[in-house]
Amino acid sequence: MNNKENQISASNRLDKAVGLRDKWCGEIGVGDIGEKVTICGWVAKTREHSQHLSFVDVRDRSGMIQCVIDSVVDLHSEYVVKVSGQVTRRPEGTENVELETGSVELTSCEVEVLNSSETPPFSLGKYSEADESVRLRYRYLDLRRSKMLNNLQLRSAINHCARNAMVEQGFTEVETPLLWTPTPEGAREFAVPSRLQKGSFYVLPQSPQIAKQLLMVAGVDRYFQIARCLRDEDLRADRQFEFTQLDIEASFVTMHDILEIVNHVIRKIVMVVRQVEHLAIRTMTWKDALENYGTDKPDLRFGMELVDLGEVFRETQFRAFQAEVVKAIVVEDGASLSRSRLDQLVDRAKELGALGLVWMKIGSVGVPGNSSSPDHPNSLEDIISIESPVAKFLQDHEKEQLISKLGLSGGELVLVVAGEHRSTCEILGQLRLELGSRLANEANEDALEFVWVVDFPMFDGTDEAGNLQAAHHPFTMPHIEDLELLEINPKAVRSQAYDLVLNGWELGSGSIRIHSNEIQSRVFKSLGITQDQAQERFGFLLSAFRYGAPPHGGFAVGMDRLIALLAREDNIREVIAFPKTQSGLDMMTGAPKALSKRNLQELGLNVGPKPN
RNA sequence: GGACCUGUGGUGCAGCCUGGAGUGCACGCCGGCCUGUCAAGCCGGAGGUCGCGGGUUCAAAUCCCGUCAGGUCCGCCA
């Protein structure tokens, strides 16, 4: 992983006085030649040549410097040392271009061992990769690796940048409670037993959503917070129990304003960590995203868009294509895929819920009237050759239209799925990702394709009781022009909700909120929430809204994901100091753990036997 | 709740399909040699409950069942 550009320089700070030392290891260069300097750090590597010559690499968070020792040394990996020595240009031919400080070294060294170290359980060098569970058990050592320290420094720089960008835009940072009240919608919450009110619980907030809306009622007008959010849901590569959001809410704004506010922050961050001057941030509707990419979080680093073949097969005799929609993706040069790979793709499509997957290998595509064989002028086989299990069911004109609609020139693989609209798009979208991820990485590993997805549907699916569910959350404002559909055709109502997507990762979401009690009641009604239920669940919010709630809306940026992508990591654990495993365990501390009887008693808890 | 992959000296792996002595590689560690290395080199050495439990078998790292742990994904994440 190339972290060079992400490395936040340790210089440019006010703290030139750095305690026991007067230089950072990684910042010693030719400009210091002749100086006598003192550094502190860990022994990264010793190379003992003889009793008269040893090389000791000393590392701190800024980098590494080679120290030349011309006597016997008793230094081992990860010993903590203070070294005073003369910065010297390395002898001709011994420079190390791999090392930032590779043209100099410290000579005439005086070494003080500040602390010894046991042999670490795994090597902290850049060429070794320990299993993640071992790394997590010894996280304090794992974090000592330069890649991880760089990630932490990158994270700090991004947070700093985000804070500045928000303050610049007139936002006030407000902290909100971690001990909050249950809000029965949404993610599963972590409960915290109350000692003073035995039998009652606080919950940890899944986000500061309601608190920030109350701040708008209060007149804060522009709020932000780098907030910890907690959700007791299953973990993933891009999901931890606790994660960090740049949480934003503003009053008297439109969706457009919110997008611009967030764009400003994103552009600042990308400018600082990637030196990108004019970052393009696109916008597309949810409908277009689904239609063309089969997902609400499109990865725009590569094409391979979904193509509608409805017109081509409008009157087809082929049963499987007599469906609500017929869509396809084209895999360039995919005609060379093996039969077993194609079978895998078919299986994968079925796994994703498709009735089937039709593949077509496109052979030659000639030009009509250009036949080289005068005996068989322009027979279709001369012009187009399609190898497919279903080729015999397709009419000639269907094949011709297919070729022109998809712009085929030969050598491609076409994958066709037919069925119900939404699922067909999503299945092809998934196949597109799986077949295209290689393209995405090859294209440009530094690519940052930000896109706003807007005009989400207001409702999405139903709960067990058959009630509609809010796609975003129940305080999301419907599109004004769709308001009248709320009672007639709720599924067609678009909301003023929007997601920010980066390279196919959902970076966050937001919406304009409902500030009118009248509209809120109608939305609750659509969701099957009665007045009484609403009062019970969100009573304090509804009360607040009776005292002059301003129009408002907001957004939250998932910082872990943003930082991971900017650090070129495909896992957010790599940018979190102390993450948990997929089963929610902390390998280092052993948490979660049983509490003592006394603790439990104090909390008024009665824990039954461990379930099997 | 479900699917798949993984678990072998301190670390990373091979061995497993097709059962036959803990058999191998690399790194690290310990000792020795070595005056310009930098993932140093050379020589020697130590280090193992093959995750755990059960089963099949004359015999299990290897086959079967269960279980624990790690990972990826589906469900879940308003």
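Because only heavy atoms are used, hydrogens play no part in the values below, and waters and symmetry mates are left out as well, while side chains stay in.
- Side-chain contact of A/Asp131 with A/Ser133: a donor-acceptor pair under 3.5 Å is present, judged by distance alone.
- Both geometric conditions, a ring-centre gap below 5.5 Å and a plane tilt below 30°, are not fulfilled together for A/Phe122 over the base of B/U11.
- B/C38 and B/G53 have their C1' atoms separated by 49 Å, with the value rounded to a whole Å.
- Between the CZ atom of A/Arg137 and the P atom of B/G51 there is a distance of 15 Å, rounded to whole Å.
- Put simply, CD on A/Glu98 is 15 Å from P on B/U37, counting in whole angstrom units.
- Pairing for B/G44 goes to B/C30, judged as Watson-Crick or G-U wobble with the two contacts each under 3.5 Å.
- Residue A/Ser133 places its side chain closer to B/G70 than to any other of B/C34, B/G10, B/G70.
- When the nucleotides B/C73, B/A69, B/G36 are ranked by their closest atom to the side chain of A/Gln582, B/C73 comes out on top.
- Between the side chains of A/Gln535 and A/Gln531, no donor-acceptor pair of N or O atoms lies under 3.5 Å.
- Taking the ring centroids of A/His515 and A/Phe545, they lie at or beyond the 6.0 Å cut-off.
- Within 4.0 Å of A/Arg573, counting heavy atoms only, lie sugar-phosphate atoms of the nucleic acid but no base atom.
- Atom CG in A/Leu235 sits roughly 15 Å away from atom C1' in B/C74 (whole-Å rounding).
- Base pairing of B/A59: no nucleotide in any strand meets the Watson-Crick or G-U wobble criterion (both distances under 3.5 Å).
- Whole-Å rounding puts the A/Glu129 CD to B/A26 P distance at 21 Å.
- Counting any heavy atom pair closer than 4.0 Å across all strands shown, A/Gln430 reaches no nucleic acid atom.
- Atom CD in A/Glu100 sits about 20 Å away from atom P in B/C38, given to the nearest Å.
- B/A14 sits 15 Å from B/U6 when the C1' atoms are compared, rounded to a whole Å.
- Considering only side-chain N and O atoms, A/Arg236 lies under 4.0 angstrom from the phosphate OP1 or OP2 of B/C74.
- The nucleotide whose nearest atom lies closest to any side-chain atom of A/Ala237 is, among B/G1, B/U72, B/U11, B/U72.
- The CG-P distance, from A/Leu99 to B/U37, rounds to 15 Å in whole Å.
- As a whole-Å value, the separation of A/Glu105 CD from B/G36 C1' is 8 Å.
- Here the rule is side chain to side chain contact (heavy atoms under 4.5 Å, CB included) with A/Arg145, and of A/Asp142, A/Leu141, A/Leu149 only A/Asp142 fits it.
- Residue A/Val134 has its side chain nearest to B/G12 when only B/U37, B/U72, B/G12 are considered.
- Judged by ring centres under 5.5 Å apart and planes tilted less than 30 degrees, A/His49 fails to stack against the six-membered base ring of B/G36.
- Proximity of A/His76 to the phosphate of B/G28: no side-chain N or O atom is located under 4.0 Å from OP1 or OP2.
- Both A/Leu585 and A/Thr107 lie near RNA chain B, and the one whose nearest nucleotide falls closer to the 5' end is A/Thr107.
- Aromatic ring centroids of A/Phe456 and A/Tyr498 lie 6.0 Å or more apart.
- Residue A/Ser583 has its side chain nearest to B/A69 when only B/A40, B/A69, B/G75 are considered.
- In this structure B/G24 sits in a base pair with B/C13, meeting the Watson-Crick or G-U test at under 3.5 Å.
- The separation of B/C27 from B/A69, taken at their P atoms, amounts to 35 Å, rounded to a whole angstrom.
- Ring pair A/Trp452/A/Phe555: centre-to-centre distance below 6.0 Å.
- The side chain of A/Arg59 places no N or O atom within less than 4.0 Å of a non-bridging phosphate oxygen (OP1 or OP2) of B/C38.
- When each of A/Pro120 and A/Gly584 is assigned the nucleotide of RNA chain B bearing its nearest heavy atom, the one mapping closer to the 5' terminus is A/Pro120.
- Side-chain nitrogen and oxygen atoms of A/Arg47 include at least one within less than 4.0 Å of the OP1 or OP2 phosphate oxygen of B/A40.
- Across B/C74 and B/C64, the matching C1' atoms stand 28 Å from one another, rounded to whole Å.
- In this structure, the side chain of A/Asp482 does not engage the main chain of A/His479 through any donor-acceptor pair within 3.5 Å.
- Note on A/Asn571: only backbone sugar-phosphate atoms sit closer than 4.0 angstrom, heavy atoms only; bases stay farther off.
- Judged by distance alone, with hydrogens and angles left aside, A/Arg231 brings no side-chain donor or acceptor close enough to the base of B/C76 to form a pair under 3.5 Å.
- Within 4.0 Å of A/Pro91, counting heavy atoms only, lies at least one base atom of the nucleic acid.
- With both pairing distances under 3.5 Å, B/C4 is matched to B/G71 as a Watson-Crick or G-U wobble pair.
- If you check B/C76, B/C34, B/C38 against the side chain of A/Ser50, the one that comes closest is B/C34.
- Not one side-chain nitrogen or oxygen of A/Ser123 sits closer than 4.0 Å to the OP1 or OP2 atom of B/G28.
- If you check distances only, the side chain of A/Arg135 never reaches the base of B/U11 with a donor-acceptor pair under 3.5 Å.
- Under the 3.5 Å distance criterion, with hydrogens and angles disregarded, no donor-acceptor pair is assigned to the side chains of A/Glu132 and A/Thr581.
- Put simply, CD on A/Glu48 is 15 Å from P on B/C38, counting in whole angstrom units.
- When each of B/G28, B/C76, B/G12 is scored by its nearest atom to the side-chain atoms of A/Asp131, the top-ranked nucleotide is B/G12.
- Residue A/Lys45 places at least one side-chain N or O closer than 4.0 Å to OP1 or OP2 of B/G28.
- OP1 or OP2 of B/G36 has not a single side-chain nitrogen or oxygen of A/Asn96 nearer than 4.0 Å.
- With hydrogens and angles left out, the side chain of A/Gln51 and the base of B/U35 share no donor-acceptor pair within 3.5 Å.
- Comparing B/C63 with B/G2, their C1' atoms are spaced 26 Å from each other, to the whole Å.
- One C1' atom belongs to B/G15, the other to B/A61, and the distance between them is 8 Å to the nearest Å.
- Side-chain atoms of A/Thr94 lie closest to B/U37 of the nucleotides B/U37, B/A39, B/U72.
- Of all nucleotides listed (B/U72, B/U35, B/G70), B/U35 comes nearest to the side chain of A/His52.
- The cationic atom of A/Arg432 (NZ for Lys, CZ for Arg) lies less than 6.0 Å from the six-membered ring centre of A/Phe302 and within 45° of the ring axis.
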